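Following: one structure in structure tokens, then a few remarks.
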There are 2 protein chains.
Amino acid sequence: MVDQQPTDQIERADRILDAAKELLLRWGYRRATIDEIARRAGVGKGTVYLHWRSREQLFFAVGAREAVAMLGEVVTAMRHDPQEIALHRYMRRFFLEAMSRPVLRAIFTRDAEVLDRFLSSPARRPLQSAKLLASREYLGVLADDGLLRARLRPEDLDYTLPAVMFGFFGIDPLLAPEVALPLVDKADQLADTLRHAFEPAKPPPPARFATAAPRVIAVFDRHVDDYRRATYGTATEKR
Amino acid sequence: MVDQQPTDQIERADRILDAAKELLLRWGYRRATIDEIARRAGVGKGTVYLHWRSREQLFFAVGAREAVAMLGEVVTAMRHDPQEIALHRYMRRFFLEAMSRPVLRAIFTRDAEVLDRFLSSPARRPLQSAKLLASREYLGVLADDGLLRARLRPEDLDYTLPAVMFGFFGIDPLLAPEVALPLVDKADQLADTLRHAFEPAKPPPPARFATAAPRVIAVFDRHVDDYRRATYGTATEKR
DNA sequence: TGATGACCAGATTAGCGCTTTGGTCATCAG
DNA sequence: CTGATGACCAAAGCGCTAATCTGGTCATCA
């Protein structure tokens, strides 16, 4: 921990992030101005720039904070039941969590109404990266412990897994309304698809999950830290 | 066959469609004007409207003609080797064919540069419909002949299959350049994914494909007819 | 010393003629 | 008489300018 931030700084950052999130969801990225965000957070505009380098970074932080919350749920579930580390279980939860959080849903469904030009902003990329979805380290642990299909190398998933996930996140507006499914059913379909496509045909013994779980959890804990730093960490950084 | 069109009418329609396709690919939907299309096809503007009700319908016909060509290849392959009717083989070919034909590639990758506001035109929908992708009838035949995974009903695929396909068609611009794959490798990944996700774990005996092939081919022949009619058929229809 | 908001340049929007274009139909050629 | 045409029209699109807004800075202040 190099530069732990004082609590009141974190609190102020949270107030600003709350205001930014609120305005983002109500008015969309374009109309959520720094002036209005600062006003609602009860701080001066300059103060916002004491926390984040730019408007883009501020909104990235909004997403990063949501990612922290989501991954927190994921890790909690994994601690409670090691089988949750299975790719299809993780992705099922990821899908449900992401779709239930308006900010993350906007990001993962690429909602142009909400995100507007933030969609094509480089600052958004880390929020949709392979790291957030399923990092190499995570997939490496699964592969090492026989939790992926035989002859499936982790790098095969670099292309294929994002393709499938992107499909499930984005397909809705393209389907006729009569094909609509409850969210949970979509998540189940996704889980089924991933399990058959990428996991061993016969379910691995529970012991194998127990073995792998600590390492998986360590990986995710690290990711959570990364995103938490990205949320608050720019304030004291040098330019 | 109610109103078979004279050959010279078909030829003229093809000339117009050629010009429309050329301009669509070179200039994009927005700038491909009816005037210029008519000029290049060597006909008066009014003549275009003797074939299609509107500009949108004309461009739909451009896509429908491509679909006919693509499905023609598919059917030919199926006649040559009954195993081609397998979902993963069909979709592999579909993906490769669609990605190799500029018009279809623009449609399936939702290329905004080329399609512009044709993207949100209702006339485009039948070109991306479940029918073109994998009709209920086709999936029904597969299910009846044991070519789908046990306990997988065709209607389960209504949502899931388009989701996966859409993902593979659309993921490219979202991935880091270093993850880029040759087209054929993407098609192979897609085929692998679909086979494991939706087909029986042990490959069905060849005889089963031979049995099912004629019915599958009949289904596709019907779809080809539908799209062919959609390509040329509006000329003599009443308003 | 940390917070602020007046300030500025550059980007965005609104207003407004001018041009382009999808679609029609009176006219004409064969 | 039939099928093809292009002049024509309303409406949408475009380019231009002036006026407004907003991200980001920094001198000033509590």
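Just so we're clear, the structure is a prediction, and the values are computed from it rather than from any experiment. FYI, side chains are in, hydrogens and waters are out, and symmetry mates aren't considered; it's all heavy atoms of this structure. Throughout, a chain's letter reflects where its sequence line sits, starting with A, and its residues are numbered from 1.
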Item checked: Partner residues of B/Arg15 under the salt bridge (Lys or Arg N to Asp or Glu O under 4.0 Å) criterion, sequence neighbours left out ->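 Per chain and number, B/Arg15 pairs via salt bridge (Lys or Arg N to Asp or Glu O under 4.0 Å) with no residue.
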Next item on the list: State which residues pass salt bridge (Lys or Arg N to Asp or Glu O under 4.0 Å) with A/Arg65; sequence neighbours excluded, sorted by chain then number.
Entry: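 Testing A/Arg65 for salt bridge (Lys or Arg N to Asp or Glu O under 4.0 Å), a comparison that skips the adjacent residues, returns A/Asp14, A/Asp18.
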Using whole Å, what does the distance between atom [atom2] of nucleotide [N] and atom [atom1] of [X] come to?
X       : N      : atom1 : atom2 : value
A/Asp35 : C/dA11 : CG    : C1'   : 15 Å
B/Tyr29 : D/dA12 : OH    : P     : 15 Å
A/Ile34 : C/dT12 : CD1   : P     : 15 Å
A/Trp27 : D/dC21 : CH2   : P     : 13 Å
A/Glu36 : D/dT22 : CD    : P     : 10 Å
B/Arg31 : C/dG22 : CZ    : P     : 14 Å
A/His51 : D/dT25 : NE2   : P     : 16 Å
A/Tyr49 : D/dT25 : OH    : P     : 7 Å

Checklist line | Listed partners of A/Phe60 passing ring pair (Phe, Tyr, Trp, His ring centres under 6.0 Å), at least two apart | finding: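 Partners of A/Phe60 by the ring pair (Phe, Tyr, Trp, His ring centres under 6.0 Å) criterion come out as none, since no residue qualifies.
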Check: Residues in ring pair (Phe, Tyr, Trp, His ring centres under 6.0 Å) with B/Phe59, at least two apart?
Finding: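 Applying ring pair (Phe, Tyr, Trp, His ring centres under 6.0 Å) to B/Phe59 gives B/Tyr29.
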Next item on the list: Working to the nearest 0.5 Å, report the span between CE of A/Met78 and CD1 of A/Ile85.
Entry: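 Reported to 0.5 Å precision, the distance equals 7.0 Å.
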Notebook entry, point to check: For residues 6-27 of chain B, which residue pairs qualify under ring-ring contact (aromatic ring centres under 6.0 Å, His included), counting only residues two or more places apart or in two chains?
Noted result: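 Listed by first then second residue: nothing to list.
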Checklist line | B/Arg79: side chain to side chain contact (heavy atoms under 4.5 Å, CB included) partners, not counting sequence neighbours | finding: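 Side chain to side chain contact (heavy atoms under 4.5 Å, CB included) list for B/Arg79, sorted by chain: B/Val75, B/Ile217, B/Asp221.
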Next item on the list: Please name all residues satisfying side chain to side chain contact (heavy atoms under 4.5 Å, CB included) with B/Ala187, sequence neighbours left out, ordered by chain then number.
Entry: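 Checked B/Ala187 against side chain to side chain contact (heavy atoms under 4.5 Å, CB included); matches are B/Arg92, B/Phe95, B/Leu96.
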Check: Where each pair must be Watson-Crick or G-U wobble with both distances under 3.5 Å, what dot-bracket representation of DNA chain D is obtained, with crossing pairs in [ ] and other-strand partners as |?
Finding: ||||||||||||||||||||||||||||||
Check: Using a heavy-atom distance cut-off of less than 4.0 Å, which residues of residues 58-65 of chain A contact DNA chain C?
Finding: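 Nothing qualifies; none.
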Next item on the list: For residues 163-177 of chain B, pull every pair meeting salt bridge (charged side-chain N to carboxylate O under 4.0 Å, His left out), keeping only residues two or more places apart or in separate chains.
Entry: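 Residue pairs with at least one partner in residues 163-177 of chain B: B/Asp172-B/Lys186.
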Notebook entry, point to check: Quick one: is A/Arg30 getting a side-chain N or O under 4.0 Å of the D/dG23 phosphate, OP1 or OP2?
Noted result: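 So the side chain of A/Arg30 is outside the cut-off, no N or O lying under 4.0 Å from OP1 or OP2 of D/dG23.
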Check: Using a cut-off of less than 4.0 Å, is there contact between a side-chain N or O of B/Arg39 and OP1 or OP2 of C/dT21?
Finding: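 It does not, given that no N or O in the side chain of B/Arg39 lies less than 4.0 Å from OP1 or OP2 of C/dT21.
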Note to self: For A/Lys21, is there an ion pair with A/Glu66 - N to carboxylate O distance below 4.0 angstrom?
What the structure shows: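 Yes.
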Item checked: Base-contact (B) and sugar-phosphate-only (S) positions in nucleotides 3-9 of chain D, heavy-atom cut-off under 4.0 Å, - elsewhere -> -SBBB--
Notebook entry, point to check: Got a sec, which residues hit side-chain hydrogen bond (donor to acceptor under 3.5 Å, both in side chains) with B/Asp116, two or more places apart in sequence or on another chain?
Noted result: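 With neighbours one apart ignored, the set is B/Arg30.
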